[in-house]
K.L.:
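One structure coming up, written as structure tokens, with questions to follow.
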Amino acid sequence: MKCFGLENSAARLVHRESKLCNITPLLNKLPWLPQTYSFWFKIALLTFKAISGLAPSYITDLISIKTGTNYSLRSGNELLLNFPLRKSYSTLGDRSFSMAAPHVWNSLPIFIRKATTVNNFKSQLKTYYFKLAYFSSQELTILLVF
């Protein structure tokens, strides 16, 4: 798990531990997502609001929902996003919302993408990211199956 200095310092401050203590058990006790998952959470939430019509139009205009095809495919009703037609050749361009939103959204499980309310979506998304961040791959397989 990749952690950043600010999270580590805040966890030590909350638990009133010294700078030399092991940080992993302290981070596991706190209900915080690691920074990478927190970014993905914010992108996914903004994308959900844009799809649901709850985001401003300038955000909604940055994404497009993949339409069904003439073929009968399993992915036809999964609510996926199209990737932008223009190719981004810079690192900063890849970080833009229009490029990042399809990556984050399409990687989510179908039951999260099909959520009906914002609160339901946030709850399912946060649980999913916590499982990804804090459980081993074997534990994660067992948890996601059930």
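Nothing fancy with the numbering, it's 1 onward along the sequence.
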K.L.:
Identify the heavy atoms of Leu26 and His15 that sit nearest to each other, and give their distance.
P.N.:
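For Leu26 and His15, the tightest heavy-atom pair comes out as O-NE2, 3.5 Å.
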K.L.:
Give a yes or no on whether the backbone of Asn119 and the side-chain of Ser123 come within a donor-acceptor separation of less than 3.5 Å.
P.N.:
no
K.L.:
Specify the closest pair of heavy atoms between Leu125 and Leu45, including all atoms of both residues, with the distance to one decimal.
P.N.:
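Residues Leu125 and Leu45, closest heavy atoms: CD2-N, 4.4 Å.
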K.L.:
Shortest non-hydrogen contact from Thr60 to Ala50?
P.N.:
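Residues Thr60 and Ala50, closest heavy atoms: CG2-O, 3.7 Å.
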K.L.:
Search all heavy atoms of Ala11 against all heavy atoms of Ile23 and return the closest pair with its distance.
P.N.:
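In terms of heavy atoms, the two residues are closest at CB-CD1, 3.9 Å.
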K.L.:
To the nearest 0.5 Å, what is the distance between CG on Leu81 and CG on Leu62?
P.N.:
11.5 Å
K.L.:
Between Phe121 and Val118, does a side chain to side chain contact (heavy atoms under 4.5 Å, CB included) hold up when you go through it step by step?
P.N.:
CA-CA 5 Å; Phe121 178 79; Val118 174; 5.7 Å; no
K.L.:
Under the criterion side chain to side chain contact (heavy atoms under 4.5 Å, CB included), I'd like the reasoning laid out for Ile43 against Leu46: C-alpha separation, chi angles, the key distance, then a yes or no.
P.N.:
CA-CA 5 Å; Ile43 291 170; Leu46 192 54; 6.0 Å; no
K.L.:
Within the side chain of Trp105, is there an N or O that forms a donor-acceptor pair under 3.5 Å with the backbone of Arg113?
P.N.:
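Pair absent, no side-chain N/O of Trp105 close to backbone of Arg113.
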K.L.:
Going by the rule ring pair (Phe, Tyr, Trp, His ring centres under 6.0 Å), which residues pair with Phe41 if we only count those two or more places apart in sequence or in a different chain?
P.N.:
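For Phe41, no residue satisfies ring pair (Phe, Tyr, Trp, His ring centres under 6.0 Å) once neighbours in sequence are set aside.
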K.L.:
Let me confirm one number: the CD1-CD1 distance from Ile51 to Ile63, rounded to the nearest 0.5 Å.
P.N.:
4.5 Å
K.L.:
How many angstroms lie between CG in Leu54 and CD1 in Ile59, if you round to the nearest 0.5 Å?
P.N.:
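Those atoms lie 13.0 Å apart.
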K.L.:
For the residue pair Ser38 and Leu33, what are the closest heavy atoms and their distance?
P.N.:
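Scanning both residues completely, I find the closest heavy atoms to be N-CB, 4.2 Å.
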K.L.:
Partners of Pro109 by side-chain contact (heavy atoms from CB on, under 4.5 Å), sequence neighbours excluded?
P.N.:
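With sequence neighbours excluded, Pro109 shows a side-chain contact (heavy atoms from CB on, under 4.5 Å) to Phe111, Ile112, Tyr128, given in chain and number order.
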K.L.:
Could you pull out all residues at least two apart from Asn120 that satisfy side-chain hydrogen bond (donor to acceptor under 3.5 Å, both in side chains)?
P.N.:
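With neighbours one apart ignored, the set is Gln124.
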K.L.:
Drop me the distance from Phe48's CZ to Leu108's CG, to the nearest 0.5 angstrom.
P.N.:
11.0 Å
